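What follows is one structure encoded as C-alpha cells, with my remarks underneath.
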Amino acid sequence: MEPTASLEKETLESEEAAEPPLLTFFSSSRSRAFLKQFYPKATLAEWNDWRWQLKNSITDVQSLSRLITLSPAECSVPDIHPRTLPLRITPYYASLLDRENPDHPLRRSVVPTSDEFVFSPGESRDPLCEDDHSPVPGLVHRYPDRVLFLVTGTCSTFCRYCTRSRMVGKSDNAANNPSRWSAAIDYIQAHPEVRDVLISGGDPLTLPGDALESIVKRLRRIRHVELIRIGTKMPVSLPQRITSSLVSMLKKYHPLWMSIHVTHPEELTPEFEAACARLADAGIPLGSQTVLLKGVNDSIVSLKNLMHGLIKFRVKPYYLYQCDPIPGSSHFRTPVSKGLEMIQGLRGHTSGYAVPTFAIDAPGGGGKIPLLPEYVIGRDEAGIILRNYEGKTFCYPDRQ
Ligand SMILES: *Cc1c(COP(=O)(O)O)cnc(C)c1O
C-alpha cells in the first residue's frame, strides 16, 4: 500500500492536509478485506479519509444491494419518500453489516424497511415538541440553564429511529444554514442563564473543521457559557473523522464534553476504540447515549457487553433512552418495562460506572424523565424498606 501518493491527489482542506495517513491506527483487517472486495480501486489512505467516506456514502437502495443481499422488506422502500428519512450509510459502517441476515442488529438500525410506512397512534413528527420550544430556528431552550443547538441537519449515517427524522437529511433544513448560527449564538449571548450548550443536529462533526471551530470559538467567548458539549455518532459511524487536527482544535475550547451515540456491541471496533482514545487523551470527557431498540439491543447480555466495552474505551454510559414515537417507529419500540428490566439487570450486577440512566424524553416537550426499577418497597415503624439488586429486602432506620 502506498498511501501518501494518493493522499496528495486529494484536495484536502488546510485543516486536514497535514494529517498523516493512519494505516495501522484506523484499519482493522475487517475494513481492509471489505475495501478490497467492494472498492478495489480505492486505496487504504482514501478509506481512512473521512471526506472519501462521506463522498462515497451509500444513499440509494441499488448501491446498497451491491454490498448486502436485501430482503423483500428492505427492497420495497422507495428511495425518496417525502415522509421518511433518506438512506445514508458510510462505507465504513456498511462494512459492519451482515451481508445475508436482515435481522442483524446494526443492519436493522440503518437499512430502511417497509415497516417505516406503518404508522401507529401516538406517533408524531416532532414528539418532543422541540419546534415549540425554539426561540430561534435551530435552538431548543427547554431547561432553565442549558440549550440544545442544532447546527446541521446532516449525518454521515441515518439511524432509522432518529428522533429528528422530521429535519435531518432535508435540503430545506433551517439548521443547515450558517446564517442561522449567528441568531442562535446571539440568543445565547443575550441569555446569561445559559451555562451549558449542547451542540447537536444532525451530526455536528459532518461540518468542516473550520466551520465547527467558528461555532465553538464564538460560544467559548461568551462568559456565562461554562460547558460546551457535542452530541455525535461520528466515532461510531465514521471514526476516521476523529483526526488529530480535529481533536487539537477541540481541546483549545475546554471544558468541552462529548456524547457519543452508540447502539450495539458490534460497533465496538478497533477504529471506534482509536477514535475514543484520541478524544480521551485530549481530555474530552466522553459519555454515551443509546436508544433501546426492539430486536436490536434489548437484551441484558447485549447491553452489558456494550456498556463494558464503552467503559474500556473510556466512555461513561450516560443515557439509555426509550425510543421516541416518531412516525413509523412501532417496530423499534419496546414496552417501558423492558428498559426497567435492562437497568435491573445491570445495576448491582456490574460496575456502577457501566450503568446508564434510563429515561423517556416526554412526548409534548416535558424533557427527559428518568425511570428506575422499584427499589423502595414500602415503610414500617422501623424505617424504609428497600430491595437490593438480588431481590433481598433491607430496612434503613429512616425517621420522618
Ligand atoms: C437532552 C437535552 C438537553 C440536555 O439534557 P441533559 O439531561 O442535561 O443531558 C438539553 N436540552 C434539550 C432540549 C434536550 O433534549
Side-chain angles (χ1 to χ4, degrees), residues 124-153 155 159 161-168 173-175 180-181 183-185 187-205 215-216 219 222 224-233 235 254-263 279 284-292 307 310 315-326 329 336 339 343 353-372:
S124 139
R125 278 182 73 250
D126 182 11
L128 313 182
C129 294
E130 291 185 329
D131 294 344
D132 296 342
H133 281 114
S134 199
V136 292
L139 196 80
V140 186
H141 193 175
R142 166 165 303 148
Y143 295 107
D145 68 342
R146 54 210 190 279
V147 292
L148 175 65
F149 184 5
L150 307 174
V151 298
T152 176
C155 285
C159 308
Y161 48 87
C162 177
T163 186
R164 299 208 182 91
S165 53
R166 69 180 186 284
M167 60 164 273
V168 306
N173 186 334
R180 309 274 178 135
W181 297 339
I185 293 168
Y187 176 91
I188 295 166
Q189 171 86 63
H191 287 260
E193 71 275 21
V194 177
R195 42 163 291 287
D196 176 0
V197 178
L198 170 48
I199 302 174
S200 184
D203 197 320
L205 298 190
I215 295 171
V216 175
L219 290 173
I222 302 175
H224 55 267
V225 173
E226 294 170 9
L227 180 62
I228 297 173
R229 312 189 230 176
I230 293 178
T232 176
K233 193 175 179 168
H254 275 315
L256 184 143
W257 292 44
M258 194 174 273
S259 283
I260 304 173
H261 177 170
V262 196
T263 302
L279 293 163
I284 300 174
L286 304 175
S288 70
Q289 320 197 67
T290 299
V291 180
L292 186 61
M307 302 310 160
L310 289 171
V315 181
K316 163 73 184 91
Y318 183 40
Y319 278 127
L320 175 67
Y321 294 119
Q322 176 71 11
C323 182
D324 290 330
I326 58 154
S329 60
V336 172
I343 298 303
Y353 273 122
V355 185
T357 299
F358 176 50
I360 299 186
D361 217 328
K368 296 177 184 71
I369 299 176
L371 295 171
L372 270 182

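Order of listing sets the numbers, starting from 1, for every ligand and every atom in it. Just so you know, residue 1 is the first one in the sequence shown, and it goes up from there. The model shown is predicted, which means the values in this text are computed figures rather than measured ones.
With respect to the salt-bridge test (charged N to carboxylate O, under 4.0 angstrom), the residues Arg166 and Asp126 qualify.
To the nearest 0.5 Å, atom CG of residue Leu139 and atom CD1 of residue Ile188 are 5.0 Å apart.
Taking 4.5 Å as the limit, some side-chain heavy atom of Thr232 sits within range of a side-chain heavy atom of Met258. Counting only heavy atoms from C-beta outward, the side chains of Met167 and Leu150 approach each other to under 4.5 Å.
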Check ligand 1 for close polar pairs with the protein: N or O on both sides, less than 3.5 Å.
from	atom 1	to	atom 2	distance (Å)
ligand 1	7 (O)	Tyr319	OH	2.5
ligand 1	8 (O)	Arg146	NE	2.7
ligand 1	8 (O)	Arg229	NH2	2.8
ligand 1	9 (O)	Arg229	NH1	2.9
ligand 1	9 (O)	Tyr318	OH	2.6
ligand 1	15 (O)	Lys368	NZ	3.0

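Between the side chains of Thr263 and Tyr161, at least one donor N or O sits under 3.5 Å from an acceptor N or O.
Within the structure, salt bridge (Lys or Arg N to Asp or Glu O under 4.0 Å) contacts touching residues 132-149 (residues at least two apart or in different chains) are Asp145-Arg195.
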